[in-house]
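Predicted, not measured: the structure shown is a model, and the values here were computed from it. Numbers here simply count residues along the sequence, with the first being 1.
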Amino acid sequence: QVQLVESGGGLVQDGGSLRLSCAASGRIISRYVMGWFRQAPGQEREFVAHISWTGGSTSYTDSVKGRFTISRDNAKNTLYLQMNSLKPEDTGVYYCAVKGSMFEWSGEYEYWGQGTQVTVSS
């Protein structure tokens, strides 16, 4: 059974920073693409960023480019999201997820964490 546990969320002022972590167990994540998603109140969950199994390739949604950095430490089985220059519109529940197929960008995200709340005040 795969478990993903996010941490690091909280309340921060406009322009502040947070670092989210996602600790994985039950799967060797070094073989899988992982991603961060977020869901604002009353809205659907949206993609934020993803990273290849080696960490050598990343992609971001346009609204966070230049402000957020996704990274991973496969030795620690942990995924990170460094968020700088936070804005009120970044507020939401942030989820990490891992793909179901090894060494592939395609396919669905199979496992999800429970989420961590990020609130950015203006």
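- The number of heavy atoms from other shown groups lying within 6.0 Å of CZ (R67) is above 12.
- T61 contributes atom OG1, which lies 10.5 Å from atom NE2 of H50 (distance to the nearest 0.5 angstrom).
- Below 30°, between 30° and 60°, or above 60°: for W105 and W53 the angle between ring planes is between 30° and 60°, a tilted geometry.
- The 12-atom threshold is not exceeded at CD of Q3, counting heavy atoms of other residues, nucleotides or ligands nearer than 6.0 Å.
- Of all the heavy atoms in L11 and S121, the pair that sits closest is CD1-CB, 4.3 Å.
- The two atoms that bring G26 and V2 nearest to each other are O-CG2, 3.9 Å, heavy atoms only.
- The CH2 atom of W112 sits 3.5 Å away from atom CZ of R45, with the distance rounded to the nearest 0.5 Å.
- Closest non-hydrogen pair, L4 versus A24, comes out as CD2-CB, 3.5 Å.
- Between the OG atom in S63 and the CZ atom in R38 there is a gap of 4.5 Å [rounded to 0.5 Å].
- Considering NZ of K65 and OG of S59, their distance stands at 6.5 Å, rounded to 0.5 Å.
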Stepwise side-chain contact (heavy atoms from CB on, under 4.5 Å) test for M83 and Y94: CA-CA 11 Å; M83 305 186 294; Y94 282 69; 3.8 Å; yes
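- Using a distance-only test at 3.5 Å, with no hydrogens or angles considered, no donor-acceptor pair links the side chain of K99 to the main chain of E104.
- Listed by first and then second residue, the disulfide (SG to SG under 2.5 Å) pairs that reach into residues 2-114 are C22-C96, sequence neighbours excluded.
- Transitive grouping of hydrophobic side chains (ILVMFWY, heavy atoms separated by less than 4.5 Å) keeps F37 and Y80 in distinct clusters.
- Looking at Y60, its side chain does come within 3.5 Å of a backbone N or O of I70 through a donor-acceptor pair.
- Using a 4.5 Å heavy-atom cutoff, the side chains of Q117 and T91 are in contact.
- Shown here for Q82 and S17, the closest heavy-atom pair between the two residues is NE2-CB, 4.1 Å.
- To the nearest 0.5 Å, atoms CZ (R19) and OG1 (T69) are separated by 10.5 Å.
- In this structure, I28 places its CD1 atom where only 12 or fewer heavy-atom neighbours from other residues, nucleotides or ligands lie under 6.0 Å away.
- Hydrophobic clustering (side-chain heavy atoms under 4.5 Å, transitive across Ile, Leu, Val, Met, Phe, Trp, Tyr) keeps V5 apart from L81.
- Ion pairing between a basic and an acidic side chain is recognised when a charged N comes within 4.0 Å of a carboxylate O; K87 and D90 show no such pairing.
- The distance from the CH2 atom of W36 to the CG atom of L20 is 4.5 Å, given to the nearest 0.5 Å.
- For E108, the CD atom sits in a loose shell: 12 or fewer heavy atoms of surrounding residues, nucleotides or ligands are nearer than 6.0 Å.
- The minimum heavy-atom distance linking T78 with A23 is given by the pair OG1-CA, 4.2 Å.
- The closest donor-acceptor contact from the side chain of E110 to the backbone of V98 lies at 3.5 Å or more, if one exists at all.
- Residue N74 is tested with T54, L79, I29 for a side-chain contact (heavy atoms from CB on, under 4.5 Å); the sole match is I29.
- Here the side chain of R72 pairs no donor or acceptor atom with the backbone of V33 at under 3.5 angstrom.
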